[in-house]
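The structure appears right after this line, and notes come after that.
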Number of protein chains: 2
Amino acid sequence: MNRTWNQYVVKQENKTLVLSTIINETPISRAHVAQITGLNKGTVSSLVSELIDEELVEESGPGESSGGRRPVMLLFNGKAGYSVAVDLGVDYLLGVITDLTGQIVYEEKLQLPDPNFEVVFPLLTKLIQQLIDRAPKSRYGVIGIGVGVPAVVSHDGEILLAPNLNWKKIQLKQQLEQVFDLPVYIENEANAGAYGEMRYGFDSMTKHMVYVSISIGIGVGMILDGKLYTGLSGFAGEVGHMTIVKNGRPCRCGNLGCWERYASEQALIDEAVTRQILNQQQPDPFKHLIELAAKGNQEAITLFEEIGTYIGIGLTNCINIFNPEQVIIGNQFIDAKQWIYPAIKAYVDHHTIGFHQLDLKIDFARLGVYSTASGMAAFTVENFLLSQKT
Amino acid sequence: MNRTWNQYVVKQENKTLVLSTIINETPISRAHVAQITGLNKGTVSSLVSELIDEELVEESGPGESSGGRRPVMLLFNGKAGYSVAVDLGVDYLLGVITDLTGQIVYEEKLQLPDPNFEVVFPLLTKLIQQLIDRAPKSRYGVIGIGVGVPAVVSHDGEILLAPNLNWKKIQLKQQLEQVFDLPVYIENEANAGAYGEMRYGFDSMTKHMVYVSISIGIGVGMILDGKLYTGLSGFAGEVGHMTIVKNGRPCRCGNLGCWERYASEQALIDEAVTRQILNQQQPDPFKHLIELAAKGNQEAITLFEEIGTYIGIGLTNCINIFNPEQVIIGNQFIDAKQWIYPAIKAYVDHHTIGFHQLDLKIDFARLGVYSTASGMAAFTVENFLLSQKT
DNA sequence: CAACTTTGTTTATTATATAGACAAAGTTTT
DNA sequence: AAAACTTTGTCTATATAATAAACAAAGTTG
């Protein structure tokens with residue numbers, strides 16, 4: 001069925017436009033909203049009064065006069081509701097409560113003893129219940145639950161495959177919705193991270209961005225034309241399995257020479273063991289390598305630089321394909337920034353087609369370990385605000 | 001400035017919806033349009049009567065009754081205007097006139113003696129003028145000019161770089177608009193091909209498609225969410241310069257191991273010379289190799305199969321990245337279909353992540369040598385129809 | 001203090017979609 | 001063949017929401 005346009009749709013679209021203008025420019029006056037959106041002053045007034053009734057917008061005191069009557073400043077009421085978001089990692093759960101502006105108001109982290117789903121699911125529901133219980137009282141209460149997972153996720157919230165958790169075909173969204181009577185959103189961890197960094201990480205909204213999440217493996221989230229791109233079935237972005245070396249190292253996906261066999265945490269550790277920088281039994285080997293490099297261990301630094309170059313190879317491919325405005329590197333590897341960044345930058349500068357470099361920025365995730373959780377909160381909040389219109 | 005929604009916008013959107021429904025479902029009755037679009041019968045009637053006034057829609061005779069009054073069938077009037085589109089190749093110009101349905105009504109092809117812009121531009125303008133002169137008389141006449149070029153093209157129609165033509169920084173759109181007082185559209189050849197194949201090549205509109213144009217080099221056009229993706233500056237899709245072999249063959253882009261050094265016409269010919277299947281002076285070497293393979297020359301066939309495998313490597317990367325519904329291989333290499341397809345298919349089947357294969361189709365361009373020209377016609381026509389609303 | 005500015009509300013007007021009545025032209029049932 | 005039903009397409013009354021313009025409120029400037 002096609003979408004038809006009538007006066008109701010017009011009103012909803014304009015109301016969304018007014019609300020998002022207030023969110024982005026808060027504090028702002030009605031007159032200024034009208035100027036920015038191009039809507040008539042009267043239209044803005046009436047829409048704002050509805051938003052105030054819904055407690056999504058508040059009036060704060062008068063603002064500065066610019067030579068006439070002083071404006072009444074409008075604020076987005078981020079405390080009208082709260083979201084619960086969880087970053088489900090390979091060996092941890094990071095749960096947060098955020099308000100409607102994405103601000104984290106409470107967090108809780110725990111280690112997973114075992115990646116087995118039968119073990120993880122009860123811990124996950126317990127964590128979510130604790131977060132729901134702790135959420136401040138508000139008009140709309142907890143407006144939804146978001147969970148980011150290191151997995152291939154279909155559009156309807158089914159986990160098709162999570163290689164590092166050893167999960168397959170799990171109806172996570174459905175199962176959580178049965179337990180909690182709330183909207184549940186499931187997304188791939190890199191997609192969530194990309195969205196989080198776009199919404200909350202950087203000031204100006206980037207329309208074309210590639211977010212590369214590097215930890216055990218490599219995942220990529222793509223923001224194209226300001227929207228998350230998830231492909232036909234929801235699992236675009238398996239860039240970690242891009243071939244960068246023909247007949248190269250075997251990968252667990254069955255292919256040879258995949259990017260993540262050269263540029264991930266796993267690749268780093270394997271190579272460190274081969275070169276006897278680490279021994280096989282070292283607990284928390286990634287952290288140990290970071291410490292070695294920080295102490296000036298030249299072998300460790302060289303290894304990071306080499307991995308950086310491999311990251312650069314895959315990034316160059318992504319840049320040539322997408323012509324993005326910004327590339328963001330996130331997850332574990334942000335801790336290795338000082339050693340890998342020069343190598344990445346050098347490779348990309350020398351190997352992308354010249355034009356791409358003009359407007360290209362390479363950054364590291366600003367939200368740090370919260371990229372994924374924040375992104376899930378953003379999904380949850382945005383779906384709530386869009387569904388909110390009467 | 002944001003877009004605001006008022007009654008004018010509503011009407012335009014609905015009118016576009018009605019028109020595109022008629023275009024896609026022609027012939028169709030008013031009642032059926034109302035049913036498909038969800039619009040009120042009265043609304044459809046009034047919009048259709050405007051479209052009839054504008055000669056974009058015609059009434060044909062009565063249709064079959066389904067148990068009541070016989071419907072009046074509506075037809076899209078493809079003859080209300082004509083577009084002129086040119087496929088500017090490395091050594092040829094292919095110009096076509098199409099009606100508003102994309103049907104080619106006249107074509108003209110000529111060889112380029114020299115790729116130099118000073119030589120090509122007069123030939124191009126002469127060709128376009130001839131096509132304009134030959135276009136049938138109609139209500140709207142020639143509604144625009146589209147030119148597809150093997151080049152990196154910016155959003156404002158500037159050719160930034162055309163390596164195989166040796167052009168740089170040419171304001172092609174601007175120059176043509178000065179000569180002809182008509183809207184001019186310039187696009188990369190692969191982007192145009194992708195669009196042409198989506199609009200006119202296949203029956204069902206694919207929402208996520210990757211079109212790979214393989215001739216001297218490799219270009220890729222991407223249809224994501226039903227729209228052409230061109231990236232921040234308009235030059236996404238330089239996938240030919242994706243690294244598939246670390247420290248591989250040097251490429252003219254300055255990088256090593258680029259896909260097009262292994263999977264293009266140039267790669268094919270270079271390798272054929274190295275293996276002494278061809279000698280260096282062979283005129284039209286690609287055609288010669290096709291003939292050899294057709295005669296059963298095993299060396300030539302093996303070479304095609306090897307190139308097919310390399311094509312498969314790059315395609316696998318694209319599939320893993322985009323999760324498309326369809327991959328289309330176009331340009332010169334469609335002639336080698338019978339030898340390369342099995343190799344491509346085998347590689348892709350064995351090396352893409354399992355989920356992608358479920359709904360994936362690999363096809364060859366249906367429009368053959370007209371993909372690019374048809375795509376440019378589609379751009380031109382669609383911009384005309386969108387600009388047409390009063 | 002008068003004149004001007006800016007903000008925000010109110011009112012009359014306008015454009016458009018919708019529901020439903022209705023006419024036209026067919027098919028099906030009796 | 002007549003009556004009853006169906007489907008198509010137009011027309012009219014109504015509702016909704018955006019807009020322009022008037023206006024009131026509350027400031028600044030000279």
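Per chain, numbering begins at 1; letters A, B, ... match sequence-line order. Side-chain atoms are counted along with the backbone in the values below, which use heavy atoms only and exclude waters and symmetry mates.
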Nearest heavy-atom approach of B/T98 to B/A377 is OG1-CB, 3.5 Å

Nearest heavy-atom contact between B/T230 and B/H155 is OG1-NE2, 2.8 Å

Atom CD of B/Q12 and atom C1' of C/dA15 are separated, to the nearest Å, by 13 Å

Atom CG of A/L17 and atom P of D/dA17 are separated, to the nearest Å, by 16 Å

Give a yes or no on whether a donor-acceptor pair under 3.5 Å exists between the nucleobase atoms of C/dA19, that is its base, and the side chain of B/N40.
yes

Basic-acidic side-chain contact under 4.0 Å: B/E187, B/K173
no

DNA chain C nearest-nucleotide lookup for B/S46 and A/S29: closer to the 5′ end is A/S29

Nucleotide N/O of nucleotides 14-16 of chain D paired with protein N/O under 3.5 Å:
unit_1	atom_1	unit_2	atom_2	d
D/dT16	O4'	A/Q7	NE2	3.3

Atom NZ of B/K15 and atom C1' of C/dA17 are separated, to the nearest Å, by 15 Å

Is A/T43 close enough to D/dT19 that one of its side-chain N or O atoms is under 4.0 Å from OP1 or OP2 there?
yes

### Under 3.5 Å side-chain donor-acceptor pair for B/T206 and B/E325
no

In whole angstroms, the gap separating C1' of D/dG9 from CD1 of B/I28 amounts to 15 Å

Could you walk me through whether B/Y229 and B/H208 pass the ring pair (Phe, Tyr, Trp, His ring centres under 6.0 Å) check?
CA-CA 10 Å; B/Y229 180 75; B/H208 303 282; over 10 Å; no

Counting primed atoms, P, OP1 and OP2 as sugar-phosphate and everything else as base, the B/S/- map of nucleotides 22-30 of chain C against protein heavy atoms under 4.0 Å is -BBBBS---

Between CD1 of B/I36 and C1' of D/dT8 the distance, given in whole Å, is 15 Å

B/E58 and B/K79 ion-paired at < 4.0 Å: no

Sugar-phosphate only, base, or nothing, as touched by B/V44 at under 4.0 Å among non-hydrogen atoms:
nothing

When rounded to whole Å, the CD to P distance for the pair B/E13 and C/dA15 reads 20 Å

In whole angstroms, the gap separating P of D/dA17 from CG of A/L47 amounts to 10 Å

Minimal heavy-atom distance between B/V142 and B/A135, with the atoms involved, is CG2-CB, 3.6 Å

Residue pair A/I28 / A/I36, side-chain heavy-atom distance below 4.5 Å = yes

Item checked: Side-chain N,O (A/N14) to OP1/OP2 (D/dA17) below 4.0 Å -> no

If we ignore angles and hydrogens, is there a donor and acceptor under 3.5 Å between the side chains of A/E382 and A/Y195?
yes

